[in-house]
Amino acid sequence: MEYEKEGHGLRIYKEDTPQYYLYRDMHRNQTLEYVIKKKQQYSELNNCKMSVKKALSMMDEFIDPSDPDLDVENSIHAYQTAERIRKKYPNDKEFQIIGLIHDLGKVLFSFNEPNWAVVGDTYVLGCRFPESIVYYNTLKENSDFEKYKEKSIYEKGCGLDNLNISFGHDEYLYQVLTQNKNHKITERGKSIIRYHSFYPWHTGGDYKEYMNYSDEKKLIYVLDFNQFDLYSKEDDTEISDTIKEYYSKLLDEYFPEELQW
Ligand code: FE
Ligand code: FE
């Protein structure tokens, strides 16, 4: 099987690759029951208190196994995403900061979560799996595959926020930003973070029947963001001390205090 995502030349998915095993394990293990349990567990935010800067520095140690660019640490991806946004939107500081922090939910790895519960494209549990999901065939090993093939637990137009989406860094950082009130990130930023890995929806065009009026806006935000969330090999921007200093000031402005994680 070979799968190439539109607009993502580097995202070519083949069998017997690290990406294949990551998605196979995700698809075996992320069931509706699992997702509900994980969302409950992490919504308590009882892991630690730390600054966003500290979380960003932890990305120096994390290499995303779903990223075909296996040798680049995630902190570089954070700065490069932010810089690409800054080039196009020099005055939209919030958008730049979203670029910088969008993947910080990956600190889940430090709480000993397996990679398949941290990274990768997301999908909905409790309804039929659309074929736009990467490595769709491995979903046949999910115990929910037959259960929700014909029936969905969701109503049409229920809204994306009411879906149970596979658990990972998107949902976790969304919870952190929703429950901590001592920062300046708006609803736009939180939506981008919550749905940026939801490829079957924003790029595959599936799950549209569950959208409500306010989700149309989310789709526009996420698609606008997605063009900057690329893979590092396509970008050789040097992350200089001047650039780091710029974002350090922005972080002080948007996150004056530590957050509960
Ligand atoms: Fe991400
Ligand atoms: Fe990213």
Side-chain angles (χ1 to χ4, degrees), residues 5-11 13 18-19 22-23 26 30 35 38 42 52 55-89 94-111 113-123 133-134 160 165-178 185 188-204 218-219 221-237 239 247 251 261:
K5 207 163 274 176
E6 280 168 60
H8 284 256
L10 283 166
R11 304 189 95 191
Y13 295 102
Q19 288 81 33
L22 171 88
Y23 281 105
M26 178 196 291
Q30 293 240 12
V35 168
K38 281 289 159 187
Y42 279 99
V52 170
L56 183 61
S57 76
M58 286 166 71
M59 293 300 115
D60 288 338
E61 300 151 39
F62 188 71
I63 292 171
D64 186 335
S66 71
D67 186 337
D69 232 9
L70 284 170
D71 47 359
V72 177
E73 60 270 41
N74 233 253
S75 50
I76 303 217
H77 171 63
Y79 284 111
Q80 286 183 337
T81 305
E83 279 295 278
R84 284 188 285 264
I85 293 172
R86 180 150 76 122
K87 262 178 213 138
K88 191 164 170 195
Y89 298 100
E94 189 198 28
F95 204 10
Q96 296 163 21
I97 213 98
I98 293 305
L100 188 70
I101 69 166
H102 74 280
D103 276 340
L104 294 187
K106 291 177 186 173
V107 297
L108 281 168
F109 81 88
S110 71
F111 311 140
E113 289 298 338
N115 288 327
W116 53 260
V118 180
V119 298
D121 298 0
T122 56
Y123 55 95
I133 299 172
V134 62
L160 292 190
I165 298 179
S166 52
F167 183 79
H169 69 289
D170 295 42
E171 178 64 21
Y172 178 52
L173 186 59
Y174 171 80
Q175 282 301 332
V176 170
L177 294 175
T178 300
I185 303 299
R188 170 182 71 153
K190 287 192 278 180
S191 300
I192 290 172
I193 284 162
R194 194 177 203 181
Y195 298 111
H196 77 272
S197 304
F198 195 17
Y199 274 85
W201 168 66
H202 66 62
T203 300
K218 292 190 184 101
L219 183 57
Y221 295 153
V222 172
L223 287 175
D224 195 20
F225 172 78
N226 189 246
Q227 60 182 309
F228 305 106
D229 189 13
L230 306 168
Y231 289 87
S232 317
K233 270 182 191 157
E234 296 169 356
D235 188 335
D236 50 12
T237 304
I239 306 306
Y247 288 107
L251 284 172
W261 294 74

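In each ligand, atom 1 is the first atom listed, and ligand 1 is the first ligand listed.
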Pair D170-H102, side-chain donor/acceptor within less than 3.5 Å: no
Given side-chain contact (heavy atoms from CB on, under 4.5 Å), test K218 with W201 step by step and report yes or no. CA-CA 11 Å; K218 292 190 184 101; W201 168 66; 4.3 Å; yes
Between the main-chain N or O of F167 and the side-chain N or O of Q30, is there a donor-acceptor pair closer than 3.5 Å? yes
Heavy-atom side-chain contact between F62 and V119 under 4.5 Å: yes
How many N, O or S atoms of the protein are nearer than 2.8 Å to the Fe ion (ligand 2)? 4
Is any side-chain heavy atom of I101 closer than 4.5 Å to one of L177? yes
Could you check if a side-chain atom of E113 sits within less than 4.5 angstrom of a side-chain atom of Y42, using non-hydrogen atoms only? yes
